[in-house]
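Keep in mind that what you see is a predicted model, and the values were worked out from it rather than measured.
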Amino acid sequence: MRCNAKTRSNTLCKRFPVPLKTRCKLHGGLSLSGEKHWNYKHGKCTKVARERVKEVNAELRYLEALMIQLGMIDKQ
């Protein structure tokens, strides 16, 4: 696998990427990410956290619809 970056001559970079990254060191492979980055604050806005919020909201909507169907709560 090679670096996924395009060069100034509009060709693909021929260098190998930094281990566990998709870019070589010249095209951003050495830049910090996640908790190591100096601007990292929390993990509340990550893709995983957003997906978890969507799952919980869907489950709550399902439970609310079920409770309405069973007559446990009134439809508002």
#### Entry: Residue pair R50, K47: steps toward the side-chain contact (heavy atoms from CB on, under 4.5 Å) verdict
CA-CA 5 Å; R50 288 179 185 157; K47 291 179 186 178; 5.5 Å; no
### Task
Run the salt-bridge test on E64 and R61 with the 4.0 Å N-O cut-off and return the result as yes or no.
no
### Message
Would you say that R52 contacts E55 through its side chain, given a criterion of any heavy-atom pair below 4.5 Å between the two side chains?
### Response
yes
### Summary
Output for pair (K41 NZ, N39 CG), nearest 0.5 Å, gives 5.5 Å
### Query
Under a 4.5 Å side-chain heavy-atom rule over Ile, Leu, Val, Met, Phe, Trp and Tyr, are L60 and V53 clustered together?
no
### Message
With heavy-atom distances below 4.5 Å as the criterion, would you say the side chains of C13 and H27 are in contact?
### Response
yes
### Message
The test is side-chain contact (heavy atoms from CB on, under 4.5 Å); show your working for R15 and L26 and say whether it passes.
### Response
CA-CA 9 Å; R15 297 176 61 102; L26 297 177; 3.6 Å; yes
### Task
Look up atom CG in L30 and atom NZ in K25, then write down how far apart they are to the nearest 0.5 Å.
7.0 Å
### Task
Identify whether I68 and Y62 are in the same connected component of the hydrophobic contact network (ILVMFWY, side-chain heavy atoms under 4.5 Å).
yes
### Message
For the SG atom of C24 and the CZ atom of R2, what is their distance to the nearest 0.5 Å?
### Response
11.0 Å
### Task
Measure from the side-chain N and O atoms of K21 to the backbone N and O of S31, and report whether any donor-acceptor pair falls under 3.5 Å.
yes
### Message
Just so I know, are the side chains of L12 and K6 near enough to count as touching, which here means a heavy-atom distance under 4.5 Å?
### Response
yes
### Query
Is the CG atom of D74 crowded by more than 12 outside heavy atoms at less than 6.0 Å?
no
### Query
Is there a side-chain contact between R23 and P17 (heavy atoms, below 4.5 Å)?
no
